[in-house]
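First up is the structure itself, then whatever we jot down about it.
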Protein chains: 2
Amino acid sequence: MAHATAARQGAQTSPEDHADLEDLVGYNLKRAYVIVDADFRRALGEDGLAPRVFSALSLIVHIPDITQSDLARRLGIERSGLVAITDDLEARGFVIRQPVPGDRRVQALAATKAGKAAYLEALQTVRAHEARLLSDLSPAEAETLVGLLRKIRQIGD
Amino acid sequence: MAHATAARQGAQTSPEDHADLEDLVGYNLKRAYVIVDADFRRALGEDGLAPRVFSALSLIVHIPDITQSDLARRLGIERSGLVAITDDLEARGFVIRQPVPGDRRVQALAATKAGKAAYLEALQTVRAHEARLLSDLSPAEAETLVGLLRKIRQIGD
DNA sequence: TATTGTTATACTCTATAACTATA
DNA sequence: TATAGTTATAGAGTATAACAATA
């Protein structure tokens, strides 16, 4: 049925009109994401924090003694994916895994002094990167963009 | 210098405030992208077109005899990445590689009848997926979102 | 039985570099 | 020399499934 409808519409589609793709939210979302992601990595440098590592560090700094499971849930990724991220942060001396009294399965993540300082420095770099990348958007537009993206995020819960 | 500034701000940051991350465009962009990408794949099914294959097919349908190099440039990826995409579309019988008279290095890509029909059917599925995912956004908001994402894309040129 | 952290494994997407055949 | 398509390869990022320790 969908096929027949599609075929019927096909007769009306001119070959030169390629607005299809450019009008899709998903396509624009991905293209924008790729640009922002690449610029983030460029801004933080070859040996800098990867986006996902920066995000994890941010939550660890702000939520003391967060567990890996909780962190994974908040970041929207699987628990198993957090191991490499935590290893990365631990190897840099930014985070330590701490035993939790009362539940020996759990390891609480805590940012070290160096980790907190590194986070705040990275945050400034990230904010500069975003300011540069969003220079064509007014502050109001940037806020609108974040609000609209959050609406999409809420549906995906 | 940036370090000293960051350290100074650190003293003012309360541990409970984790607006940092949630206010960053990049973070929201990625989270939204992940959701839309996953729903796209779900909508088109296990053996359906992957997002990048759908995008390529869209351009091939709309720009007859486009070359792979041109297509790669328009999609913002490397030439080498297009080989697998073209192989995929060719294996499905949706696209053929055609020799171009006058330059034997080039292979023009052309959508078959089946390819055109499959594209239009997929487009309907994609539009339904986007309508579902963007149900919390008004048509005006969706348009605003696309406009803002395009502004980001333009900077990354 | 369920949960936490972990490992092993595989898959997608992408890039870089080098090759070939042409130009 | 330069370009189009291709191959080989590697590196992120992610998921799934299974495991040991613990609850």
Side-chain angles (χ1 to χ4, degrees), chain A residues 26-27 29-31 33-42 44 46-56 60 65-90 95-109 156, chain B residues 26-27 29-31 33-42 44 46-56 60 65-90 95-109 156:
Chain A
Y27 180 71
L29 196 53
K30 171 157 194 190
R31 294 296 299 262
Y33 160 67
V34 166
I35 287 165
V36 173
D37 184 72
D39 195 74
F40 182 108
R41 292 172 196 276
R42 213 175 300 130
L44 267 70
E46 182 133 6
D47 297 324
L49 300 174
R52 64 181 194 159
V53 179
F54 170 81
S55 297
I60 295 168
D65 294 330
I66 188 171
T67 66
Q68 285 184 219
S69 289
D70 189 15
L71 184 49
R73 191 181 49 72
R74 290 179 194 254
L75 290 173
I77 62 176
E78 290 297 313
R79 269 178 307 150
S80 61
L82 253 169
V83 177
I85 295 171
T86 306
D87 287 350
D88 183 336
L89 287 169
E90 205 172 38
V95 160
I96 51 173
R97 291 168 157 105
Q98 284 181 318
V100 171
D103 190 340
R104 283 191 295 173
R105 291 173 305 181
V106 181
Q107 310 221 98
L109 301 178
Chain B
Y27 181 71
L29 196 54
K30 169 156 194 191
R31 293 297 298 264
Y33 161 66
V34 166
I35 288 165
V36 172
D37 184 73
D39 195 73
F40 183 107
R41 291 171 198 276
R42 213 178 300 129
L44 268 67
E46 183 133 5
D47 297 323
L49 300 175
R52 64 180 193 159
V53 179
F54 171 82
S55 297
I60 295 167
D65 295 329
I66 188 173
T67 66
Q68 285 184 217
S69 289
D70 189 18
L71 183 50
R73 190 180 49 74
R74 290 180 193 254
L75 290 173
I77 63 176
E78 289 297 314
R79 271 177 307 151
S80 61
L82 252 169
V83 177
I85 295 171
T86 306
D87 286 350
D88 182 336
L89 288 168
E90 203 171 42
V95 160
I96 50 173
R97 289 168 158 105
Q98 285 181 320
V100 171
D103 191 339
R104 284 190 295 174
R105 291 173 306 181
V106 181
Q107 310 223 101
L109 301 178

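Keep in mind that the numbers below use all heavy atoms, side chains included, and drop hydrogens, waters and symmetry copies. Here is the naming used below: chain letters follow the sequence lines, and residue numbers restart at 1 for every chain.
Here the CG-CG distance, from A/L82 to A/D70, works out to 10.0 Å after rounding to the nearest 0.5 Å. Distance check, rounded to the nearest 0.5 Å: CD of A/Q68 to CD of A/Q107 gives 7.0 Å.
What separates CG of A/L49 from C1' of D/dG13 is a distance of 16 Å, to the nearest Å. Here the P atom of nucleotide D/dC19 and the CD atom of A/E78 are 18 Å apart, to the nearest Å.
By the side-chain contact (heavy atoms from CB on, under 4.5 Å) test, A/R42 is found to be paired with A/A38, A/D39, residues two or more places apart in sequence or in another chain being considered. Annotation: side-chain hydrogen bond (donor to acceptor under 3.5 Å, both in side chains) contacts of B/D37 (sequence neighbours excluded): B/R41. Every residue two or more places apart in sequence or in another chain was checked for a side-chain hydrogen bond (donor to acceptor under 3.5 Å, both in side chains) with B/R104, and none qualifies. With sequence neighbours left out, the side-chain hydrogen bond (donor to acceptor under 3.5 Å, both in side chains) criterion links B/D88 to B/R92.
Taking the six-membered ring where the residue is Trp, A/F40 and A/F54 present perpendicular rings, their angle passing 60° and hence far from 30°.
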Find every protein N or O atom lying less than 3.5 Å from an N or O atom of nucleotides 2-6 of chain D, and list the pairs.
{"from": "D/dT3", "atom 1": "O4'", "to": "B/R105", "atom 2": "NH1", "distance (Å)": "3.4"}
{"from": "D/dT3", "atom 1": "O2", "to": "B/R105", "atom 2": "NH1", "distance (Å)": "3.1"}
{"from": "D/dA4", "atom 1": "N7", "to": "B/R79", "atom 2": "NH1", "distance (Å)": "3.0"}
{"from": "D/dG5", "atom 1": "OP1", "to": "B/Q68", "atom 2": "N", "distance (Å)": "3.2"}
{"from": "D/dG5", "atom 1": "OP1", "to": "B/Q107", "atom 2": "N", "distance (Å)": "3.2"}
{"from": "D/dG5", "atom 1": "OP1", "to": "B/Q107", "atom 2": "O", "distance (Å)": "3.1"}
{"from": "D/dG5", "atom 1": "OP2", "to": "B/Q68", "atom 2": "N", "distance (Å)": "3.3"}
{"from": "D/dG5", "atom 1": "OP2", "to": "B/S69", "atom 2": "N", "distance (Å)": "2.6"}
{"from": "D/dG5", "atom 1": "OP2", "to": "B/S69", "atom 2": "OG", "distance (Å)": "2.8"}
{"from": "D/dG5", "atom 1": "N7", "to": "B/R79", "atom 2": "NH1", "distance (Å)": "2.7"}
{"from": "D/dT6", "atom 1": "OP1", "to": "B/R97", "atom 2": "NE", "distance (Å)": "2.9"}
{"from": "D/dT6", "atom 1": "OP1", "to": "B/R97", "atom 2": "NH2", "distance (Å)": "3.4"}
{"from": "D/dT6", "atom 1": "OP2", "to": "B/Q68", "atom 2": "OE1", "distance (Å)": "2.9"}
{"from": "D/dT6", "atom 1": "OP2", "to": "B/Q68", "atom 2": "NE2", "distance (Å)": "2.9"}
{"from": "D/dT6", "atom 1": "OP2", "to": "B/R97", "atom 2": "NH2", "distance (Å)": "3.2"}

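Counting only heavy atoms from C-beta outward, the side chains of B/I66 and B/R74 approach each other to under 4.5 Å.
Among the atoms of the strands shown, none is found under 4.0 Å from any heavy atom of A/A84. Residue contacts shown for B/R73 are absent, as no nucleic acid heavy atom lies under 4.0 Å away.
Projected onto DNA chain D by closest heavy-atom contact, A/I85 and A/R104 fall at different nucleotides, the more 5' of which corresponds to A/I85.
In the 5' to 3' direction, nucleotides of DNA chain C lying under 4.0 Å from heavy atoms of chain B begin and end at C/dT12 to C/dA23.
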